[in-house]
Amino acid sequence: MNVSEEVTANRQIRLERRLPDYWRVTFDHPPLNIFGPAAIPQLDEIITAIECDEQLKVVVFDSAVEGFFITHYDFLAPLEESTKIPPGPTGLQALPDMFARLNRAPVVSIASIRGRATGVGSELALASDMRFASREKAILSQWEVGAGLVPGGGPIARLPRLIGRGRALEVLLAADSINADVAELYGYVNRALPDAELEVFVDALAMRIASFDKQAIADTKRLADVASLPSDADIRPEWEAFIAALNRPASQKRIKALMERGFHRAGDVENRLGFYVGQIGG
Amino acid sequence: MNVSEEVTANRQIRLERRLPDYWRVTFDHPPLNIFGPAAIPQLDEIITAIECDEQLKVVVFDSAVEGFFITHYDFLAPLEESTKIPPGPTGLQALPDMFARLNRAPVVSIASIRGRATGVGSELALASDMRFASREKAILSQWEVGAGLVPGGGPIARLPRLIGRGRALEVLLAADSINADVAELYGYVNRALPDAELEVFVDALAMRIASFDKQAIADTKRLADVASLPSDADIRPEWEAFIAALNRPASQKRIKALMERGFHRAGDVENRLGFYVGQIGG
Amino acid sequence: MNVSEEVTANRQIRLERRLPDYWRVTFDHPPLNIFGPAAIPQLDEIITAIECDEQLKVVVFDSAVEGFFITHYDFLAPLEESTKIPPGPTGLQALPDMFARLNRAPVVSIASIRGRATGVGSELALASDMRFASREKAILSQWEVGAGLVPGGGPIARLPRLIGRGRALEVLLAADSINADVAELYGYVNRALPDAELEVFVDALAMRIASFDKQAIADTKRLADVASLPSDADIRPEWEAFIAALNRPASQKRIKALMERGFHRAGDVENRLGFYVGQIGG
């Protein structure tokens, strides 16, 4: 199979063109919505469509998997599958490249977070223009430092600008699970909403924005980018630091310890990753 | 009449020198405190006085109009009345020029927000050093994108720096009414206070600051500006984008639709502008 | 006595190496934890150890004095004792130099705030990576402008980046006491916790971080610094402005008025400094 056939055969991300100006992108890779190298060309194709479509105004990212928005990177996939993917149009590696392009696309992106947004999930949410969370079900985290890693998809550049240095360093260096109340207090999400209201709220917001003029949206977002987006140069070192960390014994030992306890399988380790990364140190 | 006579004849903004070091600037242009080209020389004269007065330490901006702090720009005034006004001392167009000068004046500015602060009202509040809001009565919004426009008075540069990219993009791109509780959560205002306590709180704060040493205030504010003020170059494109958008059919059609429903007149459209801009799209 | 002997004879700051990777720094200079020139070499020695230790991962700053985390600078010490201290390794004056070095140290610093963190206390907290506060007992403030001074230890550079311009200018220019609830709302602290839970929370957080990999911590913090730390050049003017203000009659008169009411002694002025600086203006 070529890449395109593989994508078709193993579709983890669904694109629904709900209206010409309002799309939904749904992660559907049970049981955990783990994000790995196989998902990269799928997401890349979608991001490219978002960038290029002339009618699209707003895109919502959500999950079809109960309990998980998107969780961490796939550590069972051979590392070469990640490193062999060529850099994207920005010159950044594929994952941060897609996030940087989403950031700058002339389209409003909204993350609708139910369940865990860990690692890649948090990074995609942070690369979206807005984030809304289920008060009961959302859990955000950058767990990487707890496993001897460095987050690689842009959150080190984005979080301090979004929520201030103190709270950003807590998210990044405590590497613990953040519930929706704290995420709202910190500004990690725009707002937390009762789980029963989240989808209605997000859909109404998306429909509202879809009724607006595309050029007014695009011009306003582009001007806002000046003051609020990290440069590609600011983002670039994160992926390199992630790969370097992944090759160190400290992370290999910790990831192995997590695997032995049930990492990458449905169950308590994935449900309480913040707790478990606090148990494996030495 | 020359400009000066017009100003006298049609005074929309009152300056009260409550004490030599504490002034109040009150918008009193019923029924809506719409801000148009006629108000520009009036505000400019006041901003110049604020900049130059040797005793002044603190100025409070408020409204004498029930239900409205200051609302949007005047779209009934011929566009030429706006575009013919020469740039101000900063080189920026008159409106953003005044806001940039207020930002840098060696005087503490406080917006006391009761009622709607929409468009220009939100922009003046954002150009003030601090913002306090009536919990029951304040409504803030940048409604412009909902009408096919781009905000022109600096909020695209100021909001992301103040409240972070995510919440700033929501304010700017959802273009909806924000109540005081959410404005406080987002940091769009410093704090919301019970309506009955707002004036007492703001007046006590102003009296307190007026008792301090002017040079200590001015030096501290000037040093804080370095890290917190957008440059004039960052602000400049907004007014140009606003005028360009105002000349496009998309905005003309939407403004016309709002006018047909009662825009620029006391009533439901002005009271619930966030709702109505969500009703006129195509 | 030489400096080293003085330090030993008049130890105001205790360093406890609780674990090789987890230290506690406790300010114990009753009754107020006033911070003056005598404390500078003591803190400098500790900061240097924090920077250089190869095992250390996390350091907690707290106080052994009931009611006070660390309060203001010592205005009874002759000014020459402050000005004669040579600049530190960054080229900044000793106090902002230590804070800048703490900011960049490859170690996580946590301020655990019970009681008043006024002036220097707030500045040390702001130079720490994270801040947690007792909901009942913490009071933060930058009181300096109320005494005709300009804060000198970096808060003018750090606060706007941390909590936004509006709230930063309120803290700096209203110069009033901020309780833990407002400090949490503003992001001046990461979170406020019930007093009875603060130490357990902070200790668990520190133990957690101490279990992580030092290089992952250091690399992540270093990348986060890029977007979140003021440059030394941004910090430098504050100390100069503080010393200049201290030499002006306006501050001398106000400090004298505070001294007459009980400043620098246990009692109501120190307990309610925010109130008292509002009583001495003229």
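All heavy atoms count here, side chains included; hydrogens, waters and symmetry mates do not. Each chain gets a letter, A, B and so on, in the order the sequences are listed, and its residues count up from 1.
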Legend entry - Interchain contact, B:V58 with chain C, by part (heavy-atom threshold 4.5 Å): neither

Legend entry - Region of B:F132 that comes under 4.5 Å of a non-hydrogen atom in chain C: side chain

Inset, instruction - Select one option (side chain, backbone, both, neither) describing which atoms of C:P237 are under 4.5 Å from chain B's heavy atoms. - result: both

Inset, instruction - Against chain B, label C:A157 side chain, backbone, both or neither, depending on which of its atoms sit under 4.5 Å from a heavy atom there. - result: backbone

Inset, instruction - Heavy-atom pairs under 4.5 Å with chain B are the metric here; pick the option from C:I163, C:L173, C:V182, C:L159 that has the most. - result: C:L173

Legend entry - Best-contacting candidate, C:R248, C:R161, C:Q279, C:E144, against chain B by heavy atom pairs under 4.5 angstrom: C:R248

Legend entry - Nearest-0.5 Å distance that lies between atom CD1 in C:I156 and atom NZ in B:K221: 13.5 Å

Legend entry - Neighbour count above 12 (heavy atom, 6.0 Å) for C:E260 CD: yes

Legend entry - chain C contact via B:I217 - side chain, backbone, both or neither, heavy atoms under 4.5 Å: both

Inset, instruction - Starting from the C-alpha separation in whole Å, work towards a yes-or-no answer on salt bridge (charged side-chain N to carboxylate O under 4.0 Å, His left out) for B:D213 and C:R254. - result: CA-CA 10 Å; B:D213 177 59; C:R254 285 163 199 261; 5.3 Å; no

Legend entry - Atom of C:L149, atom of B:T220 and distance for their closest heavy-atom approach: O-OG1, 4.3 Å

Inset, instruction - Please flag which part of B:D225 lies under 4.5 Å from any non-hydrogen atom of chain C: side chain, backbone, both or neither. - result: both

Inset, instruction - Would you mind telling me which of C:P155, C:A174, C:G148, C:A168 has the largest number of heavy-atom pairs within less than 4.5 Å of chain B? - result: C:A174

Legend entry - Approximate separation, where rounding is to 0.5 Å, of B:L162 CG and C:R167 CZ: 8.0 Å

Legend entry - Straight-line distance of B:R191 CZ to C:E170 CD, nearest 0.5 Å: 4.5 Å

Legend entry - Heavy-atom pairs under 4.5 Å with chain C, option from B:I209, B:D129, B:V108 with the top count: B:D129

Inset, instruction - Count the heavy-atom pairs under 4.5 Å between each of B:Q215, B:R158, B:R208, B:M130 and chain C, then report the option with the highest count. - result: B:R208

Inset, instruction - Could you tell me which non-hydrogen atom of B:F212 sits nearest to which non-hydrogen atom of C:A175, and how far apart they are? - result: CE1-CB, 4.1 Å

Inset, instruction - Look only at the side chain of C:R165 and the backbone of B:A227, and say whether a donor-acceptor pair between them is shorter than 3.5 Å. - result: no

Inset, instruction - Quick one: pull up CD in C:E240 and CG in B:L223 and give me the separation to the nearest 0.5 Å. - result: 10.0 Å

Legend entry - Top contributor to chain B interface from C:P151, C:A244, C:G166, C:A147 [non-hydrogen pairs under 4.5 Å]: C:G166

Legend entry - Shortest non-hydrogen separation from B:A224 to C:P160 and the atoms involved: O-CG, 4.2 Å

Legend entry - Inter-residue atom distance B:E184.CD - C:Y186.OH, 0.5 Å rounding: 7.5 Å

